[in-house]
Amino acid sequence: MDFSIIVDTFEQMERTSSRLALTDYLVSLLRKTPTDIIDRVIYLIQGKLRPDYEGVELGLAEKMAIRAISLCTGLDVESIEQIYRKTGDLGDTAGEVMKSKNQTTLLAEKMTVERVYLTLDKIAHSGGTGSQDAKLRLVSSLLSDATPRESRYIMKFIMGTLRLGIADYTVIDALALAFTGDKSYRQILENAYNVSSDLGTVAKLLAIKGLESLRLLEITLYKPVRPMLAERVRSAEEAMVRMKGQSLAAEYKLDGERIQVHKGKEKVELFSRRLEKITHHYPDVAEAIQKLIKTNETILEAEVVAINAQTDEFLPFQELMHRRRKYGIKEAIEEYPVVINIFDVLYIDGDDKTSLPYLQRRKLIEKATKGLKNEKVRLVPQAIVKKTEDLEKLMAVAIEHGCEGLMIKQLTSSYRAGARGFAWIKLKREYRSDLADTLDLVIVGALYGRGRRVGKYGALLLAAYDSKADMFRSTCKVGTGFTDLHLEHFYKNLEDTRITHRHPRVDTGMQMDLWFEPKIVIEVSASEITLSPSHTAGINSIRENYGLALRFPKFTGKIRVDKNPEDATEVEELISMYKRQMRSIKNTRALPKS
Ligand code: ATP
């Protein structure tokens, strides 16, 4: 397949600001793609070479990329660096340099998708001494045969700066439309994606073996399963109503990082909530699992939490950030000790356990962790509760122990991969006061800073996720709660996601100085939700032409690196929070004065 077909499509996608057009372009690209390489094309669309959990990275230093451009255009490194400073992107730089050099390719070898993919794959897999030189040769041979437009995208792939911002759900929609002609089959595709976390494989199975083959996809060791998620309630009473007065399991909701543990005979792998391999951040946890867990092949879900080694008290989520580093892991293990608390099991020795009811799964993890007490691997504290008062009491105990609150679980529920529902309910401390609830929102734009903030961002435009339309709709501008360190951090990291116009998946009535690809999620608190003529989250749901805005939003200091933009607070949640808030205002007014 000619690589230029991908280039044409990506150029169209970059230019559009219509979300529907994005899907249409994808559908027509997928229809043109030969089935034997459809998995690779899917990965390229997502800006990667393999599914996230394999952790394949190209690892080409910026300097090397610049040298490669220099090698095949003859332009000196300094001039290329100058253009790079202007464009801010090495892909754009490569395109520009090659265009101005009037690079006409003699096409020694045709530029096909297969060739681009295989070369990138080789780059990713060359390691050890002399590997940077080998990578340099591979990149420049590719660029020498490419047109300026092609080299622009090749370089974007290599540097990881392709900013199409396509969600997995858009790809699923496009696949359903391209291969079944009917979007309603998306559920089958989504289920297959939930157990495999690999859209490339899903696409290939669908294209070659058809829809039925997707139903047969099974949970496999070392391939993460998309996590089951919880709905929120405001009070113990509401939780009881949601559980229809039945007995329920109340577990500590620990304030740490969710981890999916895959334990085999030879190795243990750990995956984050975003399904990235993060074993290297917690080698101590992997070792403890291998030593202490008694089953052979097992997939477990757990929360890793930082603790105070002297007092054994739980510490807040932010402490874990010290463990997310490339170097000095050994020191960090000593300095920032963690424990892992198991709360679920999905698979044991070839058997999928997700369809078992909660209580049976709990028995299995009790067995697997039998005899462990105060060690690195622990079982999440849990109690079976029937009465609201008991739930309230437990909530107080959990908070006293440094937890965020409780996770309340239906005793009969199976494990529903990738789904958010009321079989799991989170009851957090914040929800008890009047909208002191925190939200996880996506940064989509910014205003330049003034005064003390010149040269940094003044305010960030934040959006909630509308999963029905796969759009990000704005709900506030936030300018408070940032330390100087945060501001610098954002300035550096947001630069990497900067685009020239509002992203097609972003909807807002606000005018901003800068726009970003929706990527980074941060946590904010707010005093209340109000109706707004300029923000578009929940527009027309309460009043015509009005959306919902956060009043007095404040950054809490938490950057949710464990969340994808599609995991941000949903517009629907915002609407129900608004309705709840209005009900509680009405109820307070109706109370007799004492
Ligand atoms: P939040 O923003 O409230 O942390 P979330 O959006 O990250 O939630 P949810 O599924 O809504 O994810 O809340 C559940 C999260 O709580 C899990 O992802 C997990 O990280 C954490 N957690 C802590 N303790 C438990 C527990 N006992 N059972 C399940 N999840 C737990």
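Whatever order the structure lists ligands and atoms in, that order sets their numbers, starting from 1.
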Engineer: Is the positively charged end of R560 above the ring of F317, judged by distance under 6.0 angstrom from the centroid and angle within 45° of the axis?
Structural biologist: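 R560 over F317 ring: yes.
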
Engineer: Between F482 and H486, what is the ring plane arrangement, given parallel below 30°, perpendicular above 60°, and tilted in between?
Structural biologist: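 It falls in the perpendicular class, over 60°.
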
Engineer: Yes or no: does R232 have any heavy atom under 4.0 Å from an atom of ligand 1?
Structural biologist: no

Engineer: Flag R560 as yes when one of its N or O atoms lies below 3.5 Å from any N or O atom of ligand 1, and as no otherwise.
Structural biologist: yes

Engineer: Do K244 and F422 meet the cation-pi criteria used here (NZ or CZ under 6.0 Å from the six-membered ring centre, within 45° of the axis)?
Structural biologist: no

Engineer: As an exercise, identify every atom of ligand 1 less than 4.0 angstrom from a heavy atom of K563.
Structural biologist: 2 (O), 5 (P), 6 (O), 7 (O)

Engineer: Should E523 be listed as contacting ligand 1, given a heavy-atom distance under 4.0 Å as the test?
Structural biologist: no

Engineer: Show the atoms of ligand 1 that are less than 4.0 angstrom away from any heavy atom in Y252.
Structural biologist: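 Those of ligand 1 that fall under 4.0 Å from Y252 are 24 (N), 25 (C), 26 (C), 27 (N).
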
Engineer: Taking side chain as C-beta onward, heavy atoms only, is R19 less than 4.5 Å from D470?
Structural biologist: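 In short, these two side chains touch, coming nearer than 4.5 Å.
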
Engineer: Check each atom of ligand 1 against the heavy atoms of L254 and keep those under 4.0 Å away; list them by number with element.
Structural biologist: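 Matching atoms, with element in brackets: 23 (C), 24 (N).
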
Engineer: Looking only at distances, please establish whether an N/O atom of ligand 1 is found under 3.5 Å from an N/O atom of L229.
Structural biologist: no

Engineer: Which atoms from ligand 1 have a heavy atom of V380 less than 4.0 Å away?
Structural biologist: 27 (N)

Engineer: Tell me which one of E301, E251, M407 gets a heavy atom nearest to atom 25 (C) of ligand 1.
Structural biologist: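 Of the listed residues, M407 has the closest heavy atom.
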
Engineer: Tell me whether A230 has any N or O atom under 3.5 angstrom from an N or O of ligand 1.
Structural biologist: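 Yes, there is a polar N/O contact under 3.5 Å.
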
Engineer: Looking at residues at least two apart in the chain, or sitting in another chain, which of them share a side-chain hydrogen bond (donor to acceptor under 3.5 Å, both in side chains) with N564?
Structural biologist: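 Testing N564 for side-chain hydrogen bond (donor to acceptor under 3.5 Å, both in side chains), a comparison that skips the adjacent residues, returns R274.
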
Engineer: Side chains of T23 and D173: is there a donor and an acceptor less than 3.5 Å apart?
Structural biologist: no

Engineer: I'd like to check whether D562 has a polar contact with ligand 1, where a contact means an N/O of the residue lying under 3.5 Å from an N/O of the ligand.
Structural biologist: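 By distance alone, the answer is no.
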
Engineer: Checking side-chain contact (heavy atoms from CB on, under 4.5 Å) between V261 and each of I299, I340, T298, which is the one that passes?
Structural biologist: I340

Engineer: Is there a nitrogen or oxygen of D567 sitting under 3.5 Å from a nitrogen or oxygen of ligand 1?
Structural biologist: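 No, no N or O pair falls under 3.5 Å.
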
Engineer: Could you work out, for atom 28 (N) of ligand 1, the closest of K409, E303, K253 by heavy-atom distance?
Structural biologist: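 Result: the heavy atom closest to atom 28 (N) of ligand 1 is in K409.
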
Engineer: Just say parallel, tilted or perpendicular for the rings of H322 and Y336, cut-offs at 30° and 60°.
Structural biologist: parallel

Engineer: Which is it for L248 and I425 under the side-chain contact (heavy atoms from CB on, under 4.5 Å) test, yes or no, and what are the steps along the way?
Structural biologist: CA-CA 11 Å; L248 49 85; I425 296 175; over 6 Å; no

Engineer: Please identify which atoms of ligand 1 are closer than 4.0 Å to at least one heavy atom of D440.
Structural biologist: 2 (O)

